Number of protein chains: 2
Amino acid sequence: MNKRPTINDVARLAGVSKRTVSRVINGASNVGKATRERIDEVIKETGFSPDKQARGLAASRSFLIGLIYDNPDALYIDQVQRGVLSVCSEKGYELVVHPCNYNTDDFISNCIQFVSRSRIDGVIILPPVSEAKELAEALREKQINYVRMASVDLDDHSNIVVSDDRAALRDLARYMVSLGHRDIGIISGPQRYYSSKERLEGFLETLNELHVEVPVDRIIEGKNSYESGIECARTLLIQSPRVKAIFANNDEMAAGVLKVAHEMGITVPDELSVAGFDDNLLAARVIPALTTVQRPVGDMAALAARKIIAQIEGTEVSETETYLVKPHLIIRDSIKRV
Amino acid sequence: MNKRPTINDVARLAGVSKRTVSRVINGASNVGKATRERIDEVIKETGFSPDKQARGLAASRSFLIGLIYDNPDALYIDQVQRGVLSVCSEKGYELVVHPCNYNTDDFISNCIQFVSRSRIDGVIILPPVSEAKELAEALREKQINYVRMASVDLDDHSNIVVSDDRAALRDLARYMVSLGHRDIGIISGPQRYYSSKERLEGFLETLNELHVEVPVDRIIEGKNSYESGIECARTLLIQSPRVKAIFANNDEMAAGVLKVAHEMGITVPDELSVAGFDDNLLAARVIPALTTVQRPVGDMAALAARKIIAQIEGTEVSETETYLVKPHLIIRDSIKRV
DNA sequence: TTGTAGGCGTTATCAA
DNA sequence: TTGATAACGCCTACAA
C-alpha cells in the first residue's frame, strides 16, 4: 500500500549515496563488491525498480519500442507482436503499437510525431510500410532507431530482417513441376510491392529453368484481398480454362480461388491445384487445406526486437549479422499430381 | 534540427512565467484572455508540445493505456486495438499491449507489475481474462484504473463494457426454429467462461420457449479451438446422427464442423445446418459461408477507451452510462430451411 | 571506489 | 490573474 520505493530509499537503507545505487542499477563496473552486494540486497528486500519516467527524463529514453504497420493481416501482426514482446519484456521494454495509413500524405510526419511525442526509443516497421524508402530516410535523418521487416535486402543489415520469399517460391515451383504441372496460372500481388515482385520473379525464374512457360495472359495482378482473389480467379479460369494449377500471392486470394472453383464446379485438387502464401489461419481450415508457404514470423520479429534493442543500447550483438531467414513450404491437400 | 522547444522557451518568448504556460497547456480557466492568446500563438509558432515523460514524472501520469489479454483470437485483438487507438490517439494517449498467461500463478502480479513499472494510467482487459474477479480486485485495491470487456454485467458500469451475447443467441434460436429446425445439436464453449455460459443459456432458453428440446447428449463442451471443433463434431454426429443443425460457440469450431461434415459426406447446408459466433475472418471465406453472430468489437473497444480515459482524467462522461451493446446475426449460407 | 551538485521538462504549492 | 520555487526520480559531470 505504501508508495513505491525510490532510489533514495535504497541509498538510505544501504547507507550509500544514490549515485552508487544508480551505478548498480545500470551495471557499472566500478563499484566495490561488498557495496554492490549490500545494495542488491536492499533492492531485493524493498522490491525497488527504477521508475521509467524519471529514468527516461534524465537519460532521454523511454524504454518504449514502437511498432509501425499498415497491414490488414491481423494474424501476421499478432504473431509479430508476440515475437517482439517475448524479447522486449525480458529486456525491460514495452511495446507501443501504431497502425498507420500508408496512403495519406502526412503518413511520414505522423510516424515521426508518434516517435517524438512519446520519446519512443526505436521502431520496428512491418511490410509493406517497411518498403517505403522515404520513411526510412526520414527516420535516419531524425536519428531515430529503426528496424525494417521486409522481403528484400534494401537496407543496412543492422536495420533490417528479411525473409527470402524468392527462394521459397523457387521451392514451390520445383514442387509443382515435380508433380507434373505444366499448365500454371498466377494471381500475383500488386507489383508496386517488392514482396509481390520477389515472389513472382522467384516463381517464374525457376519455372523457366524447368522449361515451363507461363504465357502472360495467365498472370493476373491481384490486390491481395479475398475479393480480389475471386475476381482474378474468375478472369483467369474463364480466359484460360486449361490452367490446372494456380499460385496466388497469399492465402486470402487462394481462398478466393477455392470459392470460384466451387462455384464453377471445378474440383480442387482433382481438376485444379492451388497454392497460397502466408500459412494464414485460413490455410489449414479451408477445404481442401491449402498448400502454402510459411514464414517464421515470430522468429523474425524477435530478431528485429533484438536488433532494435542493440541499436538503442549501443551493444552491437554479433547476431546482428544474421538478417536473412528462409520461409518454407507447407504441404497440405490443395496440390495434386497430374 | 534543433532540439524540441520546451516550456521554458515558450515562457521566455511570450514573456510570462512557465507556470502560466503550463496553465494554458492544461486548459486552466484562470488565465487572462490576452495572455492566453499570446501564449497560444507562441506555441503554434514554435511547434511546442509538452514532453510526456516530464509531464508524467511531475504529474504521476504516463499517457499510456495498457491492453491486457490472453486470447488466441488475433482478429478479435486486432479489431480491439484499432478501436481503442482511434480514441487514444485523438486524446493523446498511446496503447501498450500486454498479452499474458491467464493460467500461470503469477499472472495477477505480472499484470500489476506491468502497470506499475511503466506507470500505465489505466488498463483495458479483454475476455476471458476480464472475467477474473481476482484481477479486478487486485487492480481496484491498487487504485489502478481499469475497464473490462465482457459478456456479463459483472462490475460497476463505469468499469465495464458488455456485449449481450445472450440476447444474440436468443435471436439465433428464433431464426433456426423459424426455418423449421427441431433437431439441434450444440458444441458449447468451456463452461467455466461466462461468455460460453451466456451463449448456451440464451440459446437453450429460447429453444425451450419455442418447445424445442435439446437432449443433454446433444450438447458437447468444446474448447473453442478448431481442433476441438473437429473432435466434438465427430462425437456429436456419430452419436446423434439425426441432428440437422449445430450451433458452435465460435466460428473456429464451426469451421471444424464443416470439415467433419465434409469428411463424412454430409452436405452443408442441405443435410446439416451450422451456425458459429464471432464473424471471424473465416466465416465469410469458408464454404458454405457461415451464418454467425457479429459483435461490434471496434465500437466496444472505443467505448472502453473513452471510459478508461474518463476515469483517468476524472471527467465522468454522460456516455459512461452506456455499457451494453448488442451483437447481431449475420445471415449467410450455412443454415437452410428444412 | 564513492559522493556532491545540478539538470531533464513538467506540475503543484503558496504567495503576491 | 500571475509568478517564484520546490518537487517528481533518476542520471551525469566533476570531485574527492
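Each chain gets a letter, A, B and so on, in the order the sequences are listed, and its residues count up from 1. These numbers were taken from a predicted model, which means no experiment stands behind them. Atoms considered below: every heavy atom in the structure, side chains included; atoms not considered: hydrogens, waters and symmetry mates.
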Can a side chain N or O of [X] be found less than 4.0 Å away from OP1 or OP2 on [N]?
X	N	result
R55(B)	dG9(C)	no
S22(A)	dC11(D)	yes
T20(B)	dT2(D)	no

Atom-to-atom span, [atom1] of [X] to [atom2] of [N] - whole angstrom:
X	N	atom1	atom2	result
I25(A)	dT2(C)	CD1	P	15 Å
F63(A)	dG9(D)	CZ	C1'	13 Å
D9(A)	dG9(D)	CG	P	9 Å
R36(B)	dT2(D)	CZ	C1'	13 Å
R19(B)	dA15(C)	CZ	P	15 Å
N8(A)	dT4(C)	CG	P	12 Å
R119(A)	dC11(D)	CZ	C1'	13 Å
R23(A)	dC11(D)	CZ	P	12 Å

Is it true that the side chains of [X] and [Y] contain a donor and an acceptor less than 3.5 Å apart?
X	Y	answer
N159(B)	Q311(B)	yes
N26(B)	R55(B)	yes
T20(B)	R36(B)	no
R140(A)	Y146(A)	yes

>> Can you identify which nucleotide, out of dT10(C), dT2(D), dT2(C), has its nearest atom closest to the N30(A) side chain?
In response: dT2(C)
> V16(B) side chain: which of dC11(D), dG3(D), dT2(D) is closest?
Replying inline: dG3(D)
>> Nearest heavy atom decides the nucleotide; on that basis, is A54(A) or T35(B) closer to the 5' end of DNA chain D?
In response: T35(B)
> Taking the nucleotide of DNA chain D with the closest heavy atom to each, which residue, A59(A) or S17(B), is nearer the 5' end?
Replying inline: S17(B)
>> Does D105(B), at its CG atom, have more than 12 non-hydrogen atoms belonging to other residues, nucleotides or ligands within less than 6.0 Å?
In response: no
>> Between the base of dT10(C) and the side chain of K18(B), is there a donor and acceptor pair under 3.5 angstrom?
In response: yes
